[in-house]
Structure formats: C-alpha cells, structure tokens
Amino acid sequence: MTERGSFRAARVAEQNVERQAFVLDQMAGRPAVRTLKAWALEQLAPTAGETAVDVGSGTGADVVALAELGARAIGVEPSPGLRAEAVRRAAGADVEYVDGRAEALPFADESVDVLRSERVLQHVDDPAAVVEEMTRVLRPGGRIVLIDTDWGTAIIHPADPDVLQRMIAYFHDENANPYSGRQLRGLLADAGLEITGETAATWIEPQDGARKGFVGMMHLTALKAGVITQAEADTFARTLGEAADRGAFHMSLTMYAVSAQKP
Ligand SMILES: C[S@@+](CC[C@H](N)C(=O)[O-])C[C@H]1O[C@@H](n2cnc3c(N)ncnc32)[C@H](O)[C@@H]1O
C-alpha cells in the first residue's frame with residue numbers, strides 16, 4: 001500500500017463502526033444498489049457446495065445472500081468492527097467473515113468458484129493488481145462480478161458550476177479511484193477474463209436529500225477543507241434547499257456492474 005493508501009486505511013479504520021454501518025445500510029436501501037445486488041446474484045448463481053467470496057463484505061448481507069443459495073459463503077473484510085457487526089447480523093446463518101485485504105486474498109490459487117466485490121475498487125490504490133489477485137484465486141470457469149460507482153457521473157443541480165467543480169475536485173482527490181465504475185470492464189478484460197454481462201443503475205436522490213446525507217454534508221466538508229468560502233457554502237445550501245422546496249432539486253450518480261468468467 002502507498003503512504004497515502006495506508007493513511008486512508010487508518011483513517012477509515014478509526015471511523016465509528018456504527019456510523020459506517022448506518023451509511024452502508026442507507027446505500028443498501030437505494031433502488032439502484034438493490035438492482036445491482038440482485039443482478040450480481042443472478043450472474044453469479046452460486047450452487048450448493050461452491051465456494052463464494054465477497055471481497056470488502058462490509059456488514060455482510062451479501063455473504064448471507066450467497067449462503068442462502070447453498071454456497072459456502074465467505075466475506076473478506078479488513079475492518080474488525082464491520083466484521084463483528086457482520087457476525088452479529090448473520091446470527092445463525094452458515095457464513096464466515098475473515099480478515100483480509102483485496103490486495104492479498106487469504107485463498108489458494110484457483111480455490112474460489114464465485115467472487116463478488118462491490119464499491120471496494122474505488123478505495124484501492126492499484127485496482128489492476130487487485131483484479132489480478134481476484135483472478136488468481138478464481139478457478140477456471142469461475143464467475144466474478146464487480147460493482148462500483150463512477151463519481152464522474154455525479155450531477156447536482158442547481159449549484160454554481162465553479163463552486164461545485166471545486167467541491168467535486170476535492171472529493172475526487174479524497175477517493176483513491178473515483179472513476180472506478182467506467183474501468184470495471186477493462187480491468188476484467190485486461191486480467192484475461194471473458195466478459196459475460198454488464199449493466200448500470202442510476203441513483204436519483206429524493207428531494208429531502210438536498211438537506212441531508214451526502215449532499216447535505218458536502219458543503220460543510222468542503223468548507224472545513226478550505227476549498228470553498230463560508231459565503232459559497234451558505235449559498236450552496238440555501239440554493240439547493242430552496243430548489244427542493246419547489247421540487248426542483250436534482251442529484252444523480254451512476255453505478256456500474258460487470259460480470260466475467262475465467263477461461
Ligand atoms: C463502500 S463499502 C461496501 C461494503 C459492501 N461491499 C456493500 O456493498 O455494502 C467498502 C468496503 O470495502 C472495505 N475495504 C476498503 N478497502 C479494502 C481493501 N483494500 N480490501 C478489502 N476491503 C476493503 C471497507 O472496509 C468496506 O467494508
């Protein structure tokens with residue numbers, strides 16, 4: 001991991017697990033995310049006796065979904081707090097959550113039948129090396145699905161384009177790999193895998209999202225980071241709030257999913 005990567009990992013680890021779980025639950029409830037999770041499960045179609053792995057398993061629900069189809073399901077998650085939360089939530093389900101990182105998966109070569117990884121590549125410094133590592137553990141004929149956001153598709157309206165541009169540039173810089181979504185297909189193809197499907201889903205924020213969640217917080221974060229002024233932050237929040245009051249707020253973000261098979 002690079003110095004920037006280890007700093008980021010340490011900061012993520014320090015984050016309150018309850019807060020992380022809350023944000024992941026909110027994301028999991030969005031129709032676009034539900035659509036892609038269901039698509040991934042259909043593409044992977046694990047059968048009884050197969051080994052199915054979710055890399056960066058968070059609170060673990062996707063591991064439980066793999067187990068419900070009969071697979072030996074394993075979540076790989078570096079955060080001890082999220083692993084503990086996943087174990088608590090799985091209560092009784094036949095699943096495992098193991099410590100590990102996508103860069104060095106704790107599995108032998110060609111030992112995994114099915115692998116999924118969702119919204120993880122945007123956090124890694126070398127996504128090509130990570131997809132190579134996923135390919136290493138996949139058996140010939142094994143299936144893989146990657147899902148990720150592409151922050152280049154984020155649209156927020158109405159907002160001053162210059163202020164918005166400075167805020168978005170700051171958030172891009174904070175993210176190891178903000179354009180991950182558009183890269184998924186190429187990463188899998190370059191690793192020698194056969195692409196078997198691809199899809200996308202756009203998350204459209206409801207009107208009350210102008211004042212809460214990511215949009216409601218972003219001007220405060222950007223202000224704290226010094227990339228916008230107090231006056232710009234106030235105008236940003238007021239403009240979006242007033243737009244939402246008349247039903248004219250728009251925020252959208254597209255996520256992508258690609259499936260592939262190892263020849
Ligand atoms: C946005 S969350 C997505 C969680 C889960 N995949 C989901 O769909 O709800 C990203 C997850 O990736 C994990 N993560 C971050 N860096 C990782 C790495 N290098 N290897 C494996 N997991 C990582 C985080 O701890 C977190 O659980």
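Atoms within a ligand are numbered from 1 in the order they appear, just like the ligands themselves.
- Within the 4.5 Å cutoff, the side chain of M255 has no heavy atoms near those of the D150 side chain.
- Comparing S57, P78, G81 against atom 17 (C) of ligand 1, the shortest heavy-atom distance belongs to P78.
- Looking at A21, G100, S117, G56 and measuring to atom 11 (C) of ligand 1, the nearest heavy atom belongs to G56.
- Judged by the shortest distance from any of its heavy atoms, A28 lies outside the 4.0 Å radius around the atoms of ligand 1.
- Counting heavy atoms under 4.0 Å from ligand 1, residue E103 touches it through the side chain alone.
- Following chains of ILVMFWY side-chain contacts shorter than 4.5 Å, one can reach I195 starting from L121, so the two form part of one hydrophobic cluster.
- Residues E50 and R143 are in side-chain contact: their nearest non-hydrogen atoms beyond the backbone lie under 4.5 Å apart.
- Close N/O approach between H123 and ligand 1 is not found [any backbone or side-chain N/O within under 3.5 Å].
- Considering only residues two or more places apart in sequence or on other chains, A237 meets the side-chain contact (heavy atoms from CB on, under 4.5 Å) condition with H219.
- Considering backbone and side-chain N/O atoms, A102 comes within less than 3.5 Å of an N/O atom of ligand 1.
- For V145 against Q43, the heavy-atom pair with the smallest separation is CG2-CB, 3.9 Å.
- Residue V120 holds the heavy atom nearest to atom 12 (O) of ligand 1 of all those in V55, D54, V120.
- Residue contact annotation: Q20 has no non-hydrogen atom under 4.0 Å from ligand 1.
- The shortest N or O to N or O distance between K37 and ligand 1 is below 3.5 Å.
- Neither L44 nor L115 shares a network with the other; the hydrophobic side chains, linked directly or stepwise wherever heavy atoms of I, L, V, M, F, W or Y lie under 4.5 Å apart, form separate groups for each.
- For ligand 1, one of its N or O atoms has an N or O atom of E77 under 3.5 Å away.
- Classified by interplanar angle (parallel below 30°, tilted 30° to 60°, perpendicular above 60°), the ring pair F214/W151 is tilted.
- Between the choices E133, R101, R116, the shortest heavy-atom distance to atom 18 (C) of ligand 1 belongs to R101.
- Residue V76 has no nitrogen or oxygen atom sitting less than 3.5 Å from a nitrogen or oxygen atom of ligand 1, judged on distance alone.
- In terms of polar-atom proximity, defined here as any N/O pair under 3.5 Å, R119 does make such a contact with ligand 1.
- Sorted pairs that involve residues 237-263 and meet ring-ring contact (aromatic ring centres under 6.0 Å, His included), not counting sequence neighbours, are lacking altogether.
- Of the N and O atoms on the side chains of N177 and Q122, not one donor lies less than 3.5 Å from an acceptor on the other residue.
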